[in-house]
Number of protein chains: 2
Amino acid sequence: MKAARKRAQAEVEQDVFLAGRPSRQPLDRISGKWVAPILCAPGGDDSPGRPGAAHADAPRAMRCSEISRLLAGVSRKMLTRTLRALERDDPFTRTVTPAAPVTVSHEPTDLGRSLHHMTRGLGSWARTRMAEVLANREKHDSRTS
Amino acid sequence: MKAARKRAQAEVEQDVFLAGRPSRQPLDRISGKWVAPILCAPGGDDSPGRPGAAHADAPRAMRCSEISRLLAGVSRKMLTRTLRALERDDPFTRTVTPAAPVTVSHEPTDLGRSLHHMTRGLGSWARTRMAEVLANREKHDSRTS
DNA sequence: CAGGATCCCGCTAGATACTG
DNA sequence: CAGTATCTAGCGGGATCCTG
């Protein structure tokens with residue numbers, strides 16, 4: 001009964017996208033306005049003063065304020081909330097350093113890095129296809145208006 | 001002034017994730033509960049009766065009802081809405097065939113296929129990492145409760 | 001079969017102000 | 001610097017009923 005087995009496999013493969021399935025949860029984690037941006041930030045960094053640093057695929061630990069500066073537009077609330085959610089699922093670890101001004105560092109884990117690759121991919125897709133999408137959108141709108 | 005140029009590039013690269021920027025829009029298109037599932041559906045197909053068909057990366061045209069059957073759980077409203085949005089941005093073309101019962105076919109375009117690759121990636125990530133995520137979540141919850 | 005209209009609930013996310 | 005509490009508007013998205 002190979003066909004049945006094959007169908008079963010297809011189901012397993014598919015069910016990540018089915019509603020109600022627990023396997024859908026990791027995908028839902030990606031949704032949320034700031035998840036992708038935050039996941040992507042630690043690698044897209046190209047701080048001034050380190051011109052040669054190929055900002056390759058090396059997410060590094062970042063401080064809270066650092067991220068918020070990079071992502072201009074995120075509210076403190078959402079930053080904290082999103083980071084906590086990501087911490088819960090693992091992509092980041094959160095280490096607090098009690099000092100005069102408290103500092104909190106968010107370091108990507110293995111899982112975080114793997115997710116980072118995905119979002120990087122999404123980012124570059126958005127970048128290269130953006131023009132195309134917007135053009136199509138306008139064309140479409142003008143046709144129907 | 002190479003440094004400046006480099007920073008400018010980094011900005012361009014980064015701004016896909018910044019709020020308010022129009023370049024953020026393609027990314028927002030991905031959000032929405034059903035976008036990823038729908039994008040992924042036409043390739044994850046493994047219809048019974050075609051056992052040898054490696055359901056590789058070949059998204060094909062699908063009918064509305066076909067998709068809804070595949071994605072068990074999506075409401076008709078959201079199906080239509082999402083498909084229309086995707087049509088506007090291009091990933092799909094929509095062709096109506098007036099007949100006794102109207103049939104509507106949704107065929108992926110080039111852009112759609114490229115997006116399809118991204119979502120496939122997300123899907124497989126979710127599949128392989130799902131267990132890990134859920135485990136971490138539980139561990140985390142038990143620590144804090 | 002496909003899609004629109006309407007109603008309605010709940011969550012997301014922003015603004016603001018306050019603590020350690 | 002980082003986080004929390006409260007309030008609030010807006011939208012996502014489900015259910016239900018109706019058209020071609």
Side-chain angles (χ1 to χ4, degrees), chain A residues 17-21 24-25 27-39 41-42 61-89 92-107 140 143-145, chain B residues 17-21 24-25 27-39 41-42 61-89 92-107 140 144:
Chain A
F17 292 110
L18 262 51
R21 303 285 189 294
R24 168 80 201 246
Q25 288 180 30
L27 255 193
D28 285 341
R29 161 85 8 273
I30 309 265
S31 80
K33 199 171 178 180
W34 296 107
V35 183
I38 287 181
L39 273 169
M62 291 189 87
R63 298 197 37 195
C64 224
S65 50
E66 205 173 353
I67 301 182
S68 82
R69 241 172 290 125
L70 216 61
L71 264 59
V74 63
S75 68
R76 289 175 184 235
K77 179 177 141 187
M78 289 321 291
L79 217 210
T80 305
R81 184 189 285 194
T82 309
L83 282 170
R84 296 295 255 245
L86 288 172
E87 184 202 354
R88 185 167 101 105
D89 288 357
F92 286 111
T93 57
R94 181 164 151 281
T95 46
V96 186
T97 309
V102 178
T103 67
V104 177
S105 168
H106 300 272
E107 178 140 23
H140 186 89
R143 262 193 310 245
T144 33
S145 64
Chain B
F17 291 110
L18 262 49
R21 301 287 189 292
R24 169 82 201 245
Q25 288 180 30
L27 256 194
D28 285 340
R29 163 79 16 269
I30 309 264
S31 81
K33 199 171 180 180
W34 297 107
V35 183
I38 288 182
L39 273 169
M62 291 189 87
R63 297 198 37 197
C64 223
S65 50
E66 204 173 354
I67 301 183
S68 83
R69 241 171 290 127
L70 217 62
L71 264 60
V74 64
S75 68
R76 294 189 179 207
K77 178 178 142 187
M78 290 320 292
L79 217 211
T80 305
R81 185 190 282 196
T82 309
L83 282 171
R84 295 298 255 244
L86 288 171
E87 186 202 353
R88 186 167 100 105
D89 287 357
F92 285 111
T93 57
R94 181 165 150 279
T95 46
V96 187
T97 309
V102 178
T103 67
V104 176
S105 168
H106 299 272
E107 178 140 23
H140 187 89
T144 34

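What you are looking at is a predicted structure, and each value in this text was computed from that prediction instead of being measured. Every chain is numbered from 1 and lettered A, B, ... according to where its sequence line falls, protein lines coming before strand lines.
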inquiry  = How many whole angstroms separate atom CG of Asp28(A) from atom P of dG12(D)?
reply    = 16 Å
inquiry  = Tell me the interatomic distance from Met78(B), atom CE, to dT16(D), atom C1', rounded to whole angstroms.
reply    = 16 Å
task = Could you tell me whether the side chain of Thr82(B) and the main chain of Val35(B) form a donor-acceptor pair under 3.5 Å?
result = no
query = Do the numbers put Arg24(A) on top of the ring of Trp34(B), so that NZ or CZ is under 6.0 Å from the six-membered ring centre and no more than 45° off the axis?
reply = yes
key: Thr97(A) and Ser105(A), any side-chain heavy atoms less than 4.5 Å apart   = no
message = As an exercise, state the distance from CG of Leu71(B) to CZ of Arg69(B), rounded to the nearest 0.5 Å.
response = 12.0 Å
request  = First locate atom CZ of Arg94(A), then atom CG of Leu83(A), and finally report the distance between them rounded to the nearest 0.5 Å.
outcome  = 9.0 Å
Nucleotide dG14(C), atom P - distance to CH2 of Trp34(A) in whole Å = 6 Å
ask   = For the atom pair CZ (Arg84(B)) and NE2 (His140(A)), what is the distance rounded to the nearest 0.5 Å?
value = 7.5 Å
ask   = Rounded to the nearest Å, what distance is computed from the CG atom of residue Leu79(A) to the P atom of nucleotide dG3(D)?
value = 8 Å
remark   = Between the CZ atom in Arg81(A) and the OG atom in Ser75(A), the distance rounded to the nearest 0.5 Å is 8.5 Å
Protein and nucleotides 8-11 of chain C: nitrogen or oxygen contacts under 3.5 angstrom:
none

inquiry  = Any heavy-atom pair between the side chains of Met62(B) and Leu70(B) that's under 4.5 Å?
reply    = yes
ask   = Please give, in whole Å, the distance from dG14(C) P to Leu71(A) CG?
value = 12 Å
Can you name the atoms? Protein N/O to nucleotides 2-7 of chain C N/O, anything below 3.5 Å, with the distance.
from   : atom 1 : to       : atom 2 : distance (Å)
dA2(C) : OP1    : Arg63(B) : NE     : 3.4
dA2(C) : OP1    : Arg63(B) : NH2    : 3.1
dA2(C) : OP2    : Ser65(B) : N      : 2.9
dA2(C) : OP2    : Ser65(B) : OG     : 3.0
dG3(C) : OP1    : Arg84(B) : NH1    : 3.3
dG3(C) : OP1    : Arg94(B) : NE     : 2.9
dG3(C) : OP1    : Arg94(B) : NH2    : 3.3
dG4(C) : OP1    : Arg84(B) : NH2    : 3.2

query = Taking all non-hydrogen atoms of both residues, which atom of Ser68(B) and which atom of Val74(B) are closest, and how far apart?
reply = CA-CG1, 4.2 Å
ask   = Roughly how far, to the nearest 0.5 Å, is CZ of Arg29(B) from CG of Leu86(B)?
value = 6.0 Å
query = Between the two end axes of the helix from dC1(C)-dG20(D) to dG20(C)-dC1(D), each built from 5 base pairs, what angle do you get to the nearest 10°?
reply = 40°
key: Approximate separation, where rounding is to 0.5 Å, of Leu27(B) CG and Lys33(A) NZ   = 12.5 Å
